[in-house]
Amino acid sequence: MRHDGRVPLDRELLACPPEVVAPLLVGRRLRSTTGPAVTVVLTEVEAYGGVGADEASHAHRGRTPRNTTMFDRPGLLYVYLSHGLHWCLNVVTGVEGEASAVLLRAGRVVDGVETARDRRAAARTDRDLARGPGRLGAALGVTGALDGADLLDPAGAVRLLPAEPGRPPPLLVGPRIGISKAVDRPWRWHWSGDPSVSRQRIVKVNEAI
DNA sequence: AGGACGATTAACT
DNA sequence: GTTAATCGTCCTC
């Protein structure tokens, strides 16, 4: 499956369900200016929540202090702490009041590599800088302080930007990673063959939308 | 008030 | 492939 990364990912499009928005996010750029600028091209995402029960979603039991941002406007940044260690980033999707989001699982650093290396001292190679959701958050210098930030605000510290010109990314889809419920739902999309993807092994290629 | 667990990572065998 | 690190969140009592 392919898409045209030049289609504007505006608030209206982000109001679509997470499984619609998720594949459109692969290939787009995310730029953080929480410190020295770092820009990644998103290579791996997962959809959560939306209409109907998704038991793997943080919001499946209703609103709590942590997941409140998931119920807010599309285009906001939902940040949560994983395993007491790792800040993970999501793009809020769907209409306000219906909790859904797309987890940003990996990216390829295309600008600010030196800054990303400083923040990710454990990374052996540049390919590891933002390979995995916790690593992505670290490379971008994002913490829970940015939960609720508007990714479409031109003056914001974290911004969602269009794809670089060129060929749209070839996408593969498969089951989500690291969850124990609703494990068979094919809601993980990634850039086929990109080295920054956290896991290339695809279990079910044929369930692509 | 207590405790199990997690949309993870890094180091180690 | 296995396991420790580490703590906020949320469910249960």
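Every chain is numbered from 1 and lettered A, B, ... according to where its sequence line falls, protein lines coming before strand lines.
Among the candidates A:Thr68, A:Asp72, A:Asn67, the single residue satisfying the side-chain contact (heavy atoms from CB on, under 4.5 Å) test with A:Met70 is A:Asn67.
Both geometric conditions, a ring-centre gap below 5.5 Å and a plane tilt below 30°, are not fulfilled together for A:His86 over the base of B:dT8. The aromatic ring of A:His83 does not sit over the base of C:dA5; the criterion of centres under 5.5 Å apart with planes under 30° is not met. The aromatic ring of A:Tyr48 stacks onto the base of B:dA7, its centre lying under 5.5 Å from the centre of the six-membered base ring with the two planes under 30° apart.
Considering only side-chain N and O atoms, A:Ser57 lies nowhere under 4.0 angstrom from the phosphate OP1 or OP2 of B:dA7. At least one side-chain nitrogen or oxygen of A:Thr64 sits closer than 4.0 Å to the OP1 or OP2 atom of C:dC10. Applying the 4.0 Å criterion to OP1 and OP2 of B:dT8, one finds that A:Arg105 has a side-chain N or O inside that range.
If you check the side chains of A:Thr39 and A:Arg31, you find a donor sitting under 3.5 Å from an acceptor. For A:Asp118 and A:Thr115, the side-chain atoms include no donor-acceptor pair closer than 3.5 Å.
Distance CH2 (A:Trp87) to P (C:dC7): 11 Å, rounded to an integer number of Å. B:dT9 atom P lies 13 Å from atom CG of A:Leu129, rounded to whole Å. Between A:Lys181 atom NZ and B:dG6 atom P the separation is 8 Å, expressed in whole Å. Between the P atom of B:dG6 and the NE2 atom of A:His58 lies a distance of 10 Å, rounded to the nearest Å. If you take OH of A:Tyr78 and P of C:dT9, they are 9 Å apart, rounded to a whole angstrom. Spacing between atom CG of A:Asn90 and atom P of B:dA7 amounts to 11 Å, rounded to whole angstrom units. The CE atom of A:Met70 sits 15 Å away from the C1' atom of C:dT9 (whole-angstrom rounding). Going from atom CG of A:Leu85 over to atom P of B:dA11 covers 13 Å, rounded to whole Å.
Relative to the side chain of A:Cys88, the nucleotides B:dG6, C:dC10, B:dT8 differ in distance, and B:dT8 lies closest. Among the nucleotides B:dA10, C:dC10, B:dA7, the one closest to the side chain of A:Arg135 is B:dA10.
When each of A:Ser180 and A:Pro133 is assigned the nucleotide of DNA chain B bearing its nearest heavy atom, the one mapping closer to the 5' terminus is A:Ser180.
Ring centroid separation for the pair A:Tyr80 and A:His58 comes in under the 6.0 Å cut-off.
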Intermediate values then yes/no, salt bridge (charged side-chain N to carboxylate O under 4.0 Å, His left out), A:Arg73 and A:Glu96: CA-CA 5 Å; A:Arg73 291 199 304 162; A:Glu96 186 169 355; 5.6 Å; no
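Once rounded to the nearest 0.5 Å, the distance linking CG of A:Leu13 with OG1 of A:Thr93 reads 10.5 Å.
Contacts of A:Ala122 with the nucleic acid, taken as non-hydrogen atoms under 4.0 Å apart, involve only primed sugar atoms and P, OP1 or OP2. No contact: A:Arg124 has no heavy atom under 4.0 Å from any strand. Across all strands shown, A:Arg61 has heavy atoms under 4.0 Å from sugar-phosphate atoms exclusively, and none from any base. Counting non-hydrogen atoms under 4.0 angstrom, A:Leu103 reaches a base of the nucleic acid.
Across the strands present, B:dA7 finds no partner; the criterion is a Watson-Crick or G-U wobble pair with both atom distances under 3.5 angstrom. Using N1 to N3 plus N6-O4 or O6-N4 for Watson-Crick, or N1-O2 and O6-N3 for G-U wobble, each under 3.5 Å, C:dT6 pairs with nothing.
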